[in-house]
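Below is one structure, written out as structure tokens; comments come after it.
Values reported hereafter were calculated over all heavy atoms of this structure, with side chains retained and with hydrogens, waters and symmetry mates removed.
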Amino acid sequence: MSTGKNTKGYETPNHPYQGERIAEESDLLSRYGLKNKEEFWRAQSELRNMRREARRLLGEAQGDVDAAQDAGAEFVARLRRIGILGDNDDISTVLSLDVTDLLERRLQTVVYRQGFASSTQQARQFIVHGHITVNGARVTRPSVKVDVDDEGAIAFDENSPLADDLHPERAESQESN
């Protein structure tokens, strides 16, 4: 028997059927190559937690953005490191973030945007099958947030057949760019 809390890391929508929400979720699922809505709901929950933390810091500082920025220096530094906040953004910017800001920082999306794969689904497959490395370390989780500094360190694993420039899947993904 495992120890620790046994709760989901996300919240499901309050109403099971809302046509507009379902259509919007389905669009984002296909655009970012997510496996299922659970991945999308996890991203929403992560964003909700970030906003909650920003509101808490701003509340404790009684609306003083600079004081909240100092109190949450580590929090803001982490968001800047993973590219969710820019260098000039302050803690109040967290409140206006969208779920797509988080989805853009997933390894799956970054691999696709950098042209390693011809689609987000193919990027997901390359990652899960162990063809992609970040800083020389194989990563098999498409949902990993990529640090801004590590974006240039994404490559095909040297032992992967995809490391060969003449591999058919490589040629396909390079033509589309």
Side-chain angles (χ1 to χ4, degrees), residues 3-15 18 20-117 120 123-124 127 132-155:
T3 59
K5 64 181 182 179
N6 194 17
T7 58
K8 292 189 291 193
Y10 62 94
E11 294 174 32
T12 57
N14 294 334
H15 300 284
Q18 295 166 314
E20 193 176 305
R21 176 188 53 79
I22 291 172
E24 186 179 315
E25 285 176 353
S26 297
D27 174 51
L28 288 171
L29 251 62
S30 63
R31 189 164 7 135
Y32 289 100
L34 304 178
K35 185 173 72 172
N36 52 34
K37 291 194 176 174
E38 180 182 315
E39 285 191 329
F40 178 72
W41 294 333
R42 281 186 197 279
Q44 280 185 321
S45 292
E46 192 176 345
L47 178 63
R48 197 176 306 118
N49 292 338
M50 288 176 185
R51 285 188 183 144
R52 188 177 296 132
E53 178 67 8
R55 277 195 309 272
R56 185 188 67 77
L57 289 165
L58 285 166
E60 285 177 359
Q62 296 174 350
D64 182 357
V65 175
D66 292 330
Q69 188 90 6
D70 294 340
E74 288 179 22
F75 173 65
V76 173
R78 179 177 161 268
L79 294 181
R80 285 187 177 145
R81 189 180 71 239
I82 60 177
I84 292 174
L85 289 183
D87 292 335
N88 301 326
D89 293 337
D90 60 17
I91 197 163
S92 62
T93 311
V94 175
L95 302 176
S96 62
L97 290 175
D98 189 41
V99 72
T100 56
D101 296 321
L102 253 66
L103 295 174
E104 284 291 333
R105 300 307 309 157
R106 288 167 49 99
L107 177 60
Q108 179 177 356
T109 308
V110 174
V111 165
Y112 168 66
R113 298 265 189 258
Q114 288 189 356
F116 287 100
T120 52
R124 179 183 194 89
I127 294 164
I132 302 292
T133 62
V134 179
N135 282 331
R138 183 178 292 161
V139 180
T140 57
R141 285 184 28 239
S143 63
V144 169
K145 302 289 181 289
V146 179
D147 290 358
V148 176
D149 298 342
D150 293 341
E151 272 188 53
I154 296 174

#### Entry: V148 side chain near R105 side chain, heavy-atom distance below 4.5 Å
yes

#### Entry: Expected output: side-chain N135 to main-chain A137 donor-acceptor under 3.5 Å
no

### Message
Determine whether a donor-acceptor pair (N or O, by modelled atom type, separation under 3.5 Å) exists between the side chain of R80 and the backbone of G86.
### Response
yes

### Query
Considering all heavy atoms of both residues, which atom of L57 and which atom of G72 are nearest to each other, and what is their separation?
CD1-CA, 3.6 Å

### Query
Looking at side-chain heavy atoms only, is the closest gap between L102 and I84 below 4.5 Å?
yes

### Message
Does either side chain, that of S45 or that of R42, offer a donor lying less than 3.5 Å from an acceptor on the other one?
### Response
no

### Query
Does A61 offer a backbone N or O that forms a donor-acceptor pair with the side chain of D64 under 3.5 Å?
no

### Message
Donor-acceptor pair, distance only, cut-off 3.5 Å: does the side chain of S26 make one with the backbone of I22?
### Response
yes

### Ion pair check, E60 and R56, cut-off under 4.0 Å
yes

### Task
Would you give the length of the straight line joining atom CG of D98 to atom CD of Q44, rounded to the nearest 0.5 angstrom?
9.5 Å

### Message
Checking E38 against T12 for the side chain to side chain contact (heavy atoms under 4.5 Å, CB included) test, could you report, in this order, the C-alpha distance in whole Å, the side-chain angles of both residues, the deciding distance, and whether it holds?
### Response
CA-CA 8 Å; E38 180 182 315; T12 57; over 6 Å; no

### Message
Taking L107's backbone N and O only, do any of them form a donor-acceptor pair with R141's side chain (distance below 3.5 Å, no angle check)?
### Response
no

### D89 side, atom CG; L79 side, atom CG - distance, nearest 0.5 Å
10.0 Å

### Summary
Heavy atoms of V76 and Q69 approach each other most closely as CG1-NE2, 3.6 Å

### Query
With a 4.5 Å heavy-atom cut-off, do Y32 and T100 have their side chains touching?
yes

### Query
Side-chain contact, heavy-atom cut-off 4.5 Å: Q18 with E25?
no

### Task
With the side chain counted from C-beta on, respond yes when I127 and V144 share a heavy-atom pair under 4.5 Å apart, and no when they do not.
no

#### Entry: Nearest heavy-atom neighbours spanning S30 and D27
OG-O, 3.0 Å

#### Entry: Expected output: side-chain D147 to main-chain D149 donor-acceptor under 3.5 Å
no

### Task
With side chain to side chain contact (heavy atoms under 4.5 Å, CB included) as the test, would you mind laying out the steps for R55 and R51 before giving the verdict?
CA-CA 6 Å; R55 277 195 309 272; R51 285 188 183 144; 3.8 Å; yes

### Task
Apply the test side chain to side chain contact (heavy atoms under 4.5 Å, CB included) to residues F40 and L103: give CA-CA distance (whole Å), side-chain angles for both, the deciding distance (0.1 Å), then the verdict.
CA-CA 8 Å; F40 178 72; L103 295 174; 4.2 Å; yes

### Message
Quick check for you: to the nearest 0.5 Å, what is the distance between D66 atom CG and I91 atom CD1?
### Response
11.0 Å

### Query
What residue among R124, E39, R113 forms side-chain hydrogen bond (donor to acceptor under 3.5 Å, both in side chains) with Q108?
R124

### Message
Please find the pair of heavy atoms, one from S92 and one from L58, that lie closest to each other, and give the distance.
### Response
CA-CD1, 4.3 Å

### Query
Is it true that E24 and R21 make a salt bridge, defined as a side-chain N closer than 4.0 Å to a carboxylate O?
no

### Query
Hey, are the side chains of V111 and I154 touching, using non-hydrogen atoms and a 4.5 Å cut-off?
yes

### Message
Looking at E46 and K145, is any side-chain nitrogen of the basic one under 4.0 Å from a carboxylate oxygen of the acidic one?
### Response
yes

#### Entry: Heavy-atom pair with the smallest gap, counting every atom of A117 and Y112
O-CD1, 3.6 Å

### Task
Indicate yes or no for a side-chain donor-acceptor contact from D70 to the backbone of A67 under 3.5 Å, with no hydrogens or angles considered.
no

### Message
For N36, I'd like to know if atom CG has over 12 heavy atoms of other residues, nucleotides or ligands within 6.0 Å.
### Response
yes

### Task
Give the minimum heavy-atom separation between T120 and R31, together with the two atoms involved.
CG2-O, 3.5 Å

